S.K.: 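A single structure is presented below for examination.
For clarity, every value in this text was computed on a predicted model and none was experimentally measured.
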Amino acid sequence: MTLATQLLDWYYENARDLPWRQDKDAYKIWVSEIMLQQTRVEAVKGYYQRWIDRFPTPAVLAEASEQEVLQYWQGLGYYSRARNLLAGVREVCAAYGGEVPEDEQLIRQLPGVGDYTAGAIASIAYNRRVPAVDGNVLRIFSRLFCLESDISKQATKREIAGLLHRHMPDSSPGDFNQALMDLGSMICIPRRPRCQVCPLSNLCEGYAREVQDTLPVRPAKKEPVLVQLAAGLVLQDGKYLVRQRPAKGLLAGMWEFPTVELTGGQAADRCLTAVLWHEFGQEVDVGEEQFHYIHIFSHRKWDISFFSCQWLSGNGVMKEGQWRSLTEFSNMPWAGPHHKVALALAES
DNA sequence: AAAACGGGGGT
DNA sequence: ACCCCAGTTTT
């Protein structure tokens with residue numbers, strides 16, 4: 001019995017039934033792999049089905065507008081993935097006749113496709129014997145071989161890619177890679193791995209040494225930065241002032257209620273008034289603070305106050321931004337969870 | 001080599 | 001609260 005045999009035997013008995021495992025269509029595998037980058041399986045399922053219903057083939061997606069594509073991505077995060085996927089699909093239609101190339105190196109050239117995703121697509125859709133090193137593989141192999149090097153380091157990833165490649169079977173390399181995903185999801189989980197029911201426990205050096213709970217070794221976490229924002233719900237004639245974020249950076253291209261970063265502890269209402277005047281050339285009457293909302297993600301912490309505003313004089317010229325009803329705004333790709341909250345507030 | 005990039009679910 | 005996820009791109 002080899003590692004691959006033991007793993008595949010377990011996989012064929014215990015494989016998860018996932019929407020993107022219905023067939024081996026390379027485009028569908030591609031879509032699923034992009035959605036799954038840094039995103040949980042449970043979160044992806046609904047988005048994937050909706051996406052395939054609307055964009056069933058590369059040709060259909062290539063014809064769609066970026067705004068609509070972003071809308072279908074709304075809430076999934078990392079929006080550059082959607083842009084890259086759209087650009088990549090257009091490239092496939094233009095350069096490869098709408099068929100995803102079979103060669104891993106060519107797949108790797110597509111925007112948004114890194115080493116992992118190229119390996120996953122090539123192995124799953126085209127049965128190529130290429131490794132796909134993701135967080136699951138790093139965790140599983142660091143335990144299997146008791147590797148104590150930092151898995152965020154490039155050298156560690158290369159080492160594990162080599163080990164993985166050595167252990168891949170000649171047949172069903174795609175199943176092998178997917179089996180590692182399922183093992184990492186159900187058995188070799190980050191905390192308190194279920195070694196008692198693991199099909200590879202007899203091969204696992206980490207388990208033998210009883211150090212599986214200390215692996216893998218990750219980099220020390222960094223302190224989040226606090227960013228204080230004030231957001232305005234500026235109303236005129238039943239429509240709210242919204243603007244589009246810059247094409248690069250945080251939440252690129254997403255629509256939002258106007259916000260202003262508060263530095264040095266200024267009063268939020270005065271600061272918001274000044275920015276609205278500066279950006280949109282008109283005076284507003286900032287009302288009472290509505291509530292306070294805090295959102296945290298990996299490296300930043302947003303502390304946001306919302307204000308309701310009345311648009312005053314009608315003389316100024318709006319330099320940027322648009323007026324939208326709440327319904328219209330809801331149908332645009334909008335930024336972040338704080339605007340979900342703002343929408344709920346505005347609707348109440 | 002390190003930072004930037006979202007959001008959600010598990011514990 | 002904290003962890004961390006089917007990672008890639010930019011700096």
S.K.: Would you say A:Thr39's side chain and A:Met35's backbone share a donor-acceptor pair under 3.5 angstrom?
M.R.: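 The answer is yes, because a donor-acceptor pair under 3.5 Å joins these two groups.
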S.K.: Reckon A:Gly184 touches a base, only the sugar-phosphate, or nothing at all at heavy-atom distances under 4.0 Å?
M.R.: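 It contacts nothing in the nucleic acid.
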S.K.: Considering every strand and a 4.0 Å limit on heavy-atom distances, what is the contact class for A:Trp20: base, sugar-phosphate, or nothing?
M.R.: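 A:Trp20: base contact, heavy atoms under 4.0 Å.
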S.K.: If I take atom CD1 in residue A:Ile160 and atom C1' in nucleotide C:dA6, what distance separates them, rounded to the nearest angstrom?
M.R.: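 Going from CD1 in A:Ile160 over to C1' in C:dA6 covers 15 Å.
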S.K.: Would you please enumerate the stems DNA chain B participates in, each stem being three or more consecutive Watson-Crick or G-U wobble pairs with both distances under 3.5 Å?
M.R.: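 Stems for DNA chain B, defined as runs of 3 or more consecutive pairs: B:1-5 with C:7-11, B:7-11 with C:1-5.
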S.K.: Over how many whole Å does the gap from A:Asp182 atom CG to C:dC5 atom P extend?
M.R.: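 Rounded to the whole Å, the gap is 15 Å.
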S.K.: Tell me if a side-chain donor or acceptor on A:Arg83 pairs with a main-chain N or O of A:Ala252 at a distance below 3.5 Å.
M.R.: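 Pair found, side chain donor or acceptor close to backbone of A:Ala252.
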S.K.: Taking any heavy-atom pair under 4.0 Å as a contact, classify A:Leu76: base, sugar-phosphate, or nothing.
M.R.: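 Answer is base: heavy atoms of A:Leu76 come under 4.0 Å of a base.
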S.K.: Which whole-number value in Å describes the distance from A:Asn136 CG to C:dC5 P?
M.R.: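 The distance from CG of A:Asn136 to P of C:dC5 comes to 7 Å, rounded to the nearest Å.
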S.K.: Ignoring hydrogens and geometry beyond distance, is a side-chain donor-acceptor pair present between A:Glu33 and A:Tyr116 at under 3.5 Å?
M.R.: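 Distance-only check passes for A:Glu33 and A:Tyr116.
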S.K.: Taking only the P atom of each, what is the distance from B:dT11 to C:dA6 in whole angstrom?
M.R.: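 Approximately 13 Å lies between the P atom of B:dT11 and that of C:dA6.
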S.K.: Quick one: A:His339 NE2 to B:dG7 P, roughly how many Å, whole number?
M.R.: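 Taking NE2 of A:His339 and P of B:dG7, I get 11 Å after rounding.
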S.K.: Between A:His167 and A:Phe145, what is the ring plane arrangement, given parallel below 30°, perpendicular above 60°, and tilted in between?
M.R.: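 The rings of A:His167 and A:Phe145 sit tilted, inter-plane angle from 30° to 60°.
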S.K.: Under 4.0 Å, heavy atoms only, any strand: does A:Arg16 hit a base, just the sugar-phosphate, or nothing?
M.R.: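 Here A:Arg16 touches the bases of the nucleic acid.
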S.K.: Whole Å only: how far is the OH atom of A:Tyr78 from the C1' atom of C:dC4?
M.R.: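 In whole Å, C:dC4 C1' and A:Tyr78 OH are 10 Å from each other.
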S.K.: I'd like to know if A:Asp213 and A:Arg192 make a salt bridge, using a cut-off of under 4.0 Å between side-chain N and carboxylate O.
M.R.: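 Looking at A:Arg192 together with A:Asp213, the answer is no, because their closest N to O distance does not fall below 4.0 Å.
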S.K.: Determine yes or no for a side-chain-to-main-chain donor-acceptor pair under 3.5 angstrom, with A:Arg245 supplying the side chain and A:Glu256 the backbone.
M.R.: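 Side chain of A:Arg245 to backbone of A:Glu256: no pair is present.
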S.K.: Look at the side chain of A:Arg40 against the base of C:dC4 and say whether a donor-acceptor pair falls under 3.5 Å; ignore hydrogens and angles.
M.R.: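 When only heavy-atom distances are counted, A:Arg40 does reach the base of C:dC4 through a donor-acceptor pair under 3.5 Å.
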S.K.: Could A:Asp17 and A:Lys45 be called an ion pair, given the rule that one side-chain N must be under 4.0 Å from one carboxylate O?
M.R.: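 Between A:Lys45 and A:Asp17 there is no salt bridge, as every charged N stays at least 4.0 Å from the carboxylate O atoms.
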S.K.: Nearest to the A:Tyr79 side chain among C:dC4, C:dA6, B:dG7, which nucleotide is it?
M.R.: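 When the side chain of A:Tyr79 is considered, B:dG7 is the closest of C:dC4, C:dA6, B:dG7.
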S.K.: Output the rounded distance in Å from CZ (A:Arg218) to P (B:dA2).
M.R.: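 Going from CZ in A:Arg218 over to P in B:dA2 covers 16 Å.
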S.K.: If you take atom types as modelled and just measure distance, does the side chain of A:Thr39 reach the base of C:dG7 with a donor-acceptor pair under 3.5 Å?
M.R.: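 Counting by modelled atom types and ignoring angles, no donor-acceptor contact under 3.5 Å is found here.
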S.K.: Between B:dC5 and C:dC4, how far apart are the two P atoms, rounded to whole Å?
M.R.: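 These two P atoms come out 22 Å apart once rounded.
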S.K.: Considering only the P atoms, how many Å lie between B:dG6 and C:dT11, rounded to the nearest integer?
M.R.: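 About 14 Å, rounded to a whole number of Å.
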S.K.: Taking the side chain of A:Asp134 as its heavy atoms from C-beta onward, which of C:dC4, B:dG6, C:dA6 lies nearest to it?
M.R.: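 Looking only at side-chain atoms, A:Asp134 lies closest to C:dA6.
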S.K.: At less than 4.0 Å, is any side-chain N or O atom of A:Lys157 found next to OP1 or OP2 of C:dG7? Yes or no.
M.R.: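 No, because none of the side-chain N or O atoms of A:Lys157 sits under 4.0 Å from OP1 or OP2 of C:dG7.
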S.K.: Using a 4.0 Å heavy-atom cut-off across all strands, classify A:Asp115 as base, sugar-phosphate, or nothing.
M.R.: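 Sugar-phosphate contact only - A:Asp115 comes under 4.0 Å of backbone atoms but never of a base.
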S.K.: Counting side-chain heavy atoms from C-beta on, which of C:dT8, B:dC5, C:dA6 comes nearest to A:Gln37?
M.R.: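 Within the option list, the nearest is C:dT8.
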S.K.: Does the gap between the ring centers of A:Phe329 and A:Phe257 come in under 6.0 Å?
M.R.: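 Centroid separation for A:Phe329 and A:Phe257: below 6.0 Å.
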S.K.: Can you figure out which of C:dA6, C:dC4, C:dG7 approaches the side chain of A:Thr117 most closely?
M.R.: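 Of all the options, the side chain of A:Thr117 is nearest to C:dG7.
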S.K.: Checking A:Arg50 side chain against A:Tyr72 main chain: does a donor-acceptor pair fall under 3.5 Å?
M.R.: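 Indeed, once roles are kept as given, a pair shorter than 3.5 Å links the two residues.
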S.K.: Nearest whole Å is fine: how far is B:dG10 C1' from A:Glu42 CD?
M.R.: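 Computing the A:Glu42:CD to B:dG10:C1' distance gives 12 Å.
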S.K.: What nucleic acid atoms does A:Arg21 come within less than 4.0 Å of, heavy atoms only: base, sugar-phosphate, or nothing?
M.R.: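 The residue A:Arg21 makes base contact.
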S.K.: Base, sugar-phosphate, or nothing for A:Lys340, non-hydrogen atoms under 4.0 angstrom?
M.R.: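 Sugar-phosphate, backbone atoms only, no base.
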S.K.: I'd like to know if the side chain of A:Gln6 and the backbone of A:Pro199 have a donor-acceptor N/O pair within less than 3.5 Å.
M.R.: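 Checked: pair present.
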S.K.: Across the strands shown, which category fits A:Ile189 at heavy-atom distances under 4.0 angstrom: base, sugar-phosphate, nothing?
M.R.: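 A:Ile189: no heavy atom of the nucleic acid under 4.0 Å.
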S.K.: Does the side chain of A:Pro169 reach to within under 4.5 Å of the side chain of A:Leu8, using non-hydrogen atoms?
M.R.: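 Yes. Closest side-chain heavy atoms under 4.5 Å.
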S.K.: Out of B:dA2, C:dC5, B:dG7, which nucleotide sits closest to the side chain of A:Pro190?
M.R.: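 The answer is C:dC5, which lies nearest to the side chain.
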S.K.: If each of A:Gln154 and A:Arg191 is mapped to the nucleotide of DNA chain B with the nearest heavy atom, which maps nearer the 5' terminus, i.e. the 5' end?
M.R.: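 The 5'-side residue here is A:Gln154.
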S.K.: Without decimals, in angstroms, what is the distance between A:Trp30 CH2 and C:dG7 P?
M.R.: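 For the pair A:Trp30 CH2 and C:dG7 P, the rounded distance is 18 Å.
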S.K.: Where do N or O atoms of nucleotides 9-11 of chain C meet protein N or O atoms at under 3.5 Å, pair by pair?
M.R.:
unit_1	atom_1	unit_2	atom_2	d
C:dT9	OP1	A:Gly112	N	2.4

S.K.: How about A:Glu328: does its CD atom have over 12 heavy atoms from other parts shown lying under 6.0 Å from it?
M.R.: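 Yes, the 6.0 Å shell around CD holds more than 12 heavy atoms from other groups.
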